[in-house]
Peer 1: 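Take this structure first; my questions come after.
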Amino acid sequence: VDFNTQMAKLGYGLLSGQYSKPPVKSELIEQYQPQEISPRMFKALVGKDHPEFSSNRQQDAQEFFLHVINLVERNSSGLVENPTDVFRFLMEERIQCCQSKKVRYTQRVDYLMQLPVPIEAATNKDELMAFEMKRREAEVGRKPPPEPVRARIPFSACLQ
């Protein structure tokens, strides 16, 4: 399977809007077959020669994204424009010495911006505390864990 052809098909599918149309009212619900881009086929293509991504185990999204970027860059050599350039940005870090108060700036090219997720900013703290208590009780009593509760943290809290 040709990587560039499959990526072109994926790009066309995402940009065309062909896969995001609701069914026509005249179509019967039982007969309606949604058109979709299969994520399994894409993952199989991208993970084909990678020991971690060729399995069906849970994967790290950041590592998978960087692997896709790497594959696109490798298969885009010779092109005038590299498609991954739209994701690339320059990250500048500021480090200050506590004693001398001198400041040093470093720059690096990156594809991802990591944001801290402050758990204390969760809007559902009571639910989280109740879940944690139930989880501990289940652990002590050797019972199955309760249904997980995910922290709801506003995006704005991650930008502070």
Side-chain angles (χ1 to χ4, degrees), residues 6-7 9-25 27-73 83-98 103-160:
Q6 294 304 316
M7 289 302 290
K9 285 180 181 180
L10 176 66
Y12 172 78
L14 293 173
L15 294 172
S16 70
Q18 177 181 346
Y19 298 97
S20 59
K21 295 177 184 172
V24 179
K25 287 184 180 182
E27 293 178 344
L28 296 173
I29 300 294
E30 298 86 32
Q31 294 176 343
Y32 176 66
Q33 295 293 325
Q35 292 184 329
E36 57 190 29
I37 298 171
S38 171
R40 278 193 202 101
M41 189 170 125
F42 178 72
K43 185 177 178 291
L45 171 70
V46 170
K48 183 173 59 175
D49 296 323
H50 192 281
E52 193 66 28
F53 300 127
S54 59
S55 72
N56 283 329
R57 295 185 309 233
Q58 185 173 345
Q59 310 298 327
D60 182 76
Q62 177 181 347
E63 288 179 28
F64 185 75
F65 176 73
L66 291 174
H67 179 65
V68 171
I69 292 288
N70 190 7
L71 283 174
V72 171
E73 282 185 340
T84 63
D85 285 347
V86 298
F87 296 106
R88 186 177 303 164
F89 61 92
L90 189 63
M91 176 66 82
E92 184 175 85
E93 292 180 301
R94 179 181 185 271
I95 301 170
Q96 183 174 7
C97 177
C98 295
V103 176
R104 183 177 80 183
Y105 290 92
T106 59
Q107 294 182 337
R108 71 175 192 281
V109 173
D110 213 332
Y111 292 97
L112 300 164
M113 184 182 304
Q114 297 182 6
L115 297 175
V117 180
I119 194 72
E120 63 275 1
T123 58
N124 61 339
K125 289 179 188 172
D126 293 339
E127 289 176 59
L128 291 169
M129 290 187 337
F131 164 74
E132 192 56 35
M133 286 179 59
K134 288 178 186 175
R135 187 188 65 74
R136 286 185 186 145
E137 288 172 4
E139 227 174 64
V140 170
R142 295 182 186 240
K143 296 179 181 175
E147 189 69 30
V149 174
R150 304 284 181 226
R152 286 191 221 114
I153 300 171
F155 182 65
S156 58
C158 300
L159 299 175
Q160 308 229 349

Peer 1: Which atom names give the shortest non-hydrogen contact between S54 and P51, and what distance separates them?
Peer 2: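 Of all heavy-atom pairs spanning S54 and P51, the closest is OG-O, 3.5 Å.
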
Peer 1: Among all residues two or more places apart in sequence or in another chain, which pass the salt bridge (Lys or Arg N to Asp or Glu O under 4.0 Å) test with E52?
Peer 2: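 Partners of E52 by the salt bridge (Lys or Arg N to Asp or Glu O under 4.0 Å) criterion, ordered by chain and then number, come out as R57.
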
Peer 1: What residues form a ring pair (Phe, Tyr, Trp, His ring centres under 6.0 Å) with F131, not counting sequence neighbours?
Peer 2: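 F131 satisfies ring pair (Phe, Tyr, Trp, His ring centres under 6.0 Å) with no residue once adjacent residues are dropped.
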
Peer 1: Any side-chain heavy atom of L90 sitting closer than 4.5 Å to one from V109?
Peer 2: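 Counting from C-beta outward, L90 and V109 do come under 4.5 Å.
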
Peer 1: Please enumerate all residues that pass side chain to side chain donor-acceptor pair (under 3.5 Å) together with R135, with sequence neighbours excluded.
Peer 2: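 So R135 forms a side chain to side chain donor-acceptor pair (under 3.5 Å) with E132, E139.
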
Peer 1: With E147, which residues qualify under side chain to side chain donor-acceptor pair (under 3.5 Å), at least two apart?
Peer 2: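 So E147 forms no side chain to side chain donor-acceptor pair (under 3.5 Å) with any residue.
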
Peer 1: How would you list, by chain and number, every residue that makes a ring pair (Phe, Tyr, Trp, His ring centres under 6.0 Å) with Y12, sequence neighbours excluded?
Peer 2: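 By the ring pair (Phe, Tyr, Trp, His ring centres under 6.0 Å) rule, Y12 matches no residue at all.
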
Peer 1: Within the side chain of H67, is there an N or O that forms a donor-acceptor pair under 3.5 Å with the backbone of G47?
Peer 2: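 Flag not set: sc H67 to bb G47 has no pair under 3.5 Å.
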
Peer 1: Show the atom names and distances, to 0.1 Å, of all donor-acceptor pairs under 3.5 Å that link a side chain in residues 110-124 to residues at least two apart or in another chain.
Peer 2:
residue : atom : partner : partner atom : Å
D110    : OD1  : L112    : N            : 3.4
D110    : OD2  : R108    : NE           : 3.4
D110    : OD2  : R108    : NH2          : 3.2
Y111    : OH   : E73     : OE2          : 2.4
Y111    : OH   : R88     : NE           : 3.2
Y111    : OH   : R88     : NH2          : 2.8
T123    : OG1  : R152    : O            : 3.1
N124    : OD1  : R152    : N            : 3.0
N124    : ND2  : R150    : O            : 3.0

Peer 1: Grab the two heavy atoms, one from V86 and one from P83, that are nearest each other, plus how far apart they are.
Peer 2: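 That would be CG2-O, 3.3 Å.
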
Peer 1: Around atom NZ of K43, are there more than 12 heavy atoms of other residues, nucleotides or ligands at under 6.0 Å?
Peer 2: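 Yes, the 6.0 Å shell around NZ holds more than 12 heavy atoms from other groups.
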
Peer 1: With rounding to the nearest 0.5 angstrom, report the CG to CG distance, L10 to L14.
Peer 2: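 Here the interatomic distance stands at 4.5 Å.
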
Peer 1: Is it the case that over 12 heavy atoms from other parts of the model lie below 6.0 angstrom from the CZ atom of R104?
Peer 2: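 No.
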
Peer 1: Heavy-atom count check: over 12 atoms from other residues, nucleotides or ligands less than 6.0 Å from M91 CE?
Peer 2: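 More than 12 within 6.0 Å, yes.
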
Peer 1: So F64 and F42, would you call those rings parallel, tilted or perpendicular, with 30° and 60° as cut-offs?
Peer 2: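 Answer is perpendicular, since the angle exceeds 60°.
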
Peer 1: Minimum heavy-atom separation for A157 and I153, please, with both atom names.
Peer 2: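 Heavy atoms only, the tightest pair is CB-CG2, 4.1 Å.
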
Peer 1: CG/L128 to NZ/K125 distance, rounded to the nearest 0.5 angstrom?
Peer 2: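 The NZ atom of K125 is 9.5 Å from CG of L128, to the nearest 0.5 Å.
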
